[in-house]
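Chain letters run A, B, ... following the sequence lines, proteins first and then strands; every chain starts at 1.
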There are 2 protein chains.
Amino acid sequence: MSGPGALPFDPIAEARRQWEGHGWEDAADGMALVTSVIRVQQLYLARIDAALRPFGLSFARYELLTLLSFTRTGALPLSKAGRRLQVHPASVTNVVDRLEADGLVRRVPHPTDGRTTLVELLPAGRDLLAGATAALNAQVFTQPGVAAPDARRLVELLRHIRASAGDFDIDAIPLP
Amino acid sequence: MSGPGALPFDPIAEARRQWEGHGWEDAADGMALVTSVIRVQQLYLARIDAALRPFGLSFARYELLTLLSFTRTGALPLSKAGRRLQVHPASVTNVVDRLEADGLVRRVPHPTDGRTTLVELLPAGRDLLAGATAALNAQVFTQPGVAAPDARRLVELLRHIRASAGDFDIDAIPLP
DNA sequence: CCATACTAGTTGGATGTCAAAGTATCTGCA
DNA sequence: TGCAGATACTTTGACATCCAACTAGTATGG
């Protein structure tokens, strides 16, 4: 995250001035947006990691456990988990390896499809998850750094970016 | 990035429904915002990496080269580079190692401060940077997935989040 | 002058990302 | 019925992140 202390100026505003100074005006808005998103992601991830550290979980592991807890059976094929979490199959393998090593999930062969392995939430994982979610909700998700109307406005704008990248059909499930 | 093809629904809208269904309404807006930022960062980074791949550069390396090119001397102390780029000192060491190995920068002892090492942009780095910036501007920064007014709106909202995290004094350099 | 506190940068390790390539299994069609 | 193409998951390697601990050098105050 940030080096020691705050900078005396906004580094993204400064970069934007440089972009314009070099004649790249057309790209300045986009550059500022992209680097802002990257920086805010970094800030959020640092806060998430801090909130989860007492539980021995990273955010990637937490997300997988949460996804499993929301299913009816507490299990999913790895491929489906990867699509829902929008991560690469190799990342799913990596995270499942680590959760399995910690006794929070287990791998189960699919009853009828030899290609498929299910990842199944174990009681230890479910138990850990309750406290972890409470901590995340209290420390991060109820304090996102902007007021609720602005948070919703941001989500809506970011949603257009996600849809334009092909994440989902934008007309599929409209926001209320 | 995304697994194969788009999902038939918005995974973040779905996660938000789960959050509300579990009684975590107060945290739902924040959860949606945080996961949206994380996802959009991932999308942007994938596009950036694709644009930079022909130049053999990652975004972290590109950013450091760009920062150096904006200085008067083409050189900076590693500590200062880390503060400007808002990354951990160990990350700066790592990226400088790799750029040095590729002959794009070199480490130079500080003339008067024995603790300090300067990282200096070499001609090969400067040459590579011109094409890399053109590619990034053309492929990513002029096509951020939203129109310019929305991009500016997003930057302003994200700027408040960055300020509230202590990145810089929000009154220091106001946007026009 | 010296002890202490601070700064600068490195090293080792953990983490998770994705690309590329691989093996194993399933499906659909000729 | 056989096979091409697809799917599922793993392995390997590259990449960059940060934490914790370390060494070396500088600044400051008594």
Side-chain angles (χ1 to χ4, degrees), chain A residues 1-5 38-39 41-50 52-64 76-102 107-119, chain B residues 1-5 38-39 41-50 52-65 76-83 85-102 107-119:
Chain A
M1 247 28 46
S2 325
I38 290 172
R39 175 62 185 155
Q41 183 266 355
Q42 192 187 9
L43 292 167
Y44 279 152
L45 208 45
R47 289 175 58 198
I48 288 167
D49 283 342
L52 292 176
R53 183 161 296 118
F55 303 92
L57 290 175
S58 63
F59 189 51
R61 285 182 233 178
Y62 169 80
E63 281 199 298
L64 181 55
L76 274 181
L78 272 71
S79 57
K80 194 168 187 184
R83 286 198 294 281
R84 288 296 196 89
L85 296 176
Q86 295 176 306
V87 294
H88 193 279
S91 298
V92 182
T93 294
N94 174 277
V95 173
V96 172
D97 282 350
R98 294 175 188 279
L99 288 170
E100 194 175 33
D102 288 345
R107 276 179 165 88
V108 177
H110 194 279
T112 60
D113 188 334
R115 293 169 297 179
T116 300
T117 301
L118 303 173
V119 51
Chain B
M1 247 27 51
S2 325
I38 290 174
R39 176 58 185 159
Q41 182 267 354
Q42 193 186 6
L43 292 167
Y44 279 152
L45 206 45
R47 291 175 57 197
I48 288 168
D49 283 343
L52 291 176
R53 183 161 297 120
F55 304 93
L57 290 175
S58 64
F59 190 51
R61 283 183 236 174
Y62 169 81
E63 282 198 297
L64 181 55
L65 293 180
L76 274 181
L78 272 70
S79 57
K80 195 168 183 182
R83 286 197 293 279
L85 296 175
Q86 295 176 304
V87 294
H88 194 276
S91 298
V92 181
T93 295
N94 175 276
V95 173
V96 171
D97 281 351
R98 294 174 187 277
L99 287 170
E100 196 177 31
D102 287 345
R107 277 179 166 88
V108 176
H110 194 280
T112 61
D113 188 333
R115 294 169 295 182
T116 300
T117 301
L118 302 173
V119 50

Take atom CG of L45(A) and atom C1' of dT17(D), then tell me their distance rounded to the nearest Å. 9 Å
Hey, are the side chains of V87(B) and V92(B) touching, using non-hydrogen atoms and a 4.5 Å cut-off? yes
Does the Q86(B) side chain pair with the main chain of Q42(A), one donor and one acceptor, at a distance under 3.5 Å? no
Could you tell me how far apart Q42(B) (CD) and dT17(D) (C1') are, to the nearest whole angstrom? 15 Å
Interatomic distance where CG belongs to L43(A) and P belongs to dC18(D) [whole Å]: 10 Å
Gap between atoms CG and P, on L64(A) and dT17(C) respectively (whole Å): 10 Å
Nearest whole angstrom, please: distance from the C1' of dT7(C) to the CG of L76(B). 17 Å
Would you mind reporting whether R107(A) and V96(A) have side-chain heavy atoms less than 4.5 Å apart? yes
Can you work out whether L57(B) or R53(A) has the more 5'-proximal nearest nucleotide on DNA chain D? L57(B)
How long is the straight-line distance from CG of N94(A) back to CG of L99(A), given to the nearest 0.5 Å? 9.5 Å
May I have the distance from I48(A) (atom CD1) to dT17(D) (atom C1'), rounded to whole angstrom? 15 Å
Roughly, in whole Å, what's the span from CZ in R98(B) to C1' in dG13(D)? 11 Å
Dump every N/O contact between nucleotides 8-10 of chain C and the protein below 3.5 Å, one line per pair.
residue	atom	partner	partner atom	Å
dA8(C)	O3'	R115(B)	O	3.3
dG9(C)	OP1	T117(B)	N	2.5
dG9(C)	OP1	T117(B)	O	2.7
dG9(C)	OP2	S79(B)	N	2.4
dG9(C)	OP2	S79(B)	OG	3.0
dT10(C)	OP1	R107(B)	NE	2.8
dT10(C)	OP1	R107(B)	NH2	2.9
dT10(C)	OP2	T93(B)	OG1	2.5
dT10(C)	OP2	R107(B)	NH2	3.4

Quick one: I38(B) CD1 to dT17(D) P, roughly how many Å, whole number? 16 Å
Report yes if some heavy atom in the side chain of L52(B) is under 4.5 Å from a heavy atom in the side chain of R61(B); otherwise report no. no
So, do E63(A) and I48(A) sit near enough that their side-chain heavy atoms are less than 4.5 Å apart? no
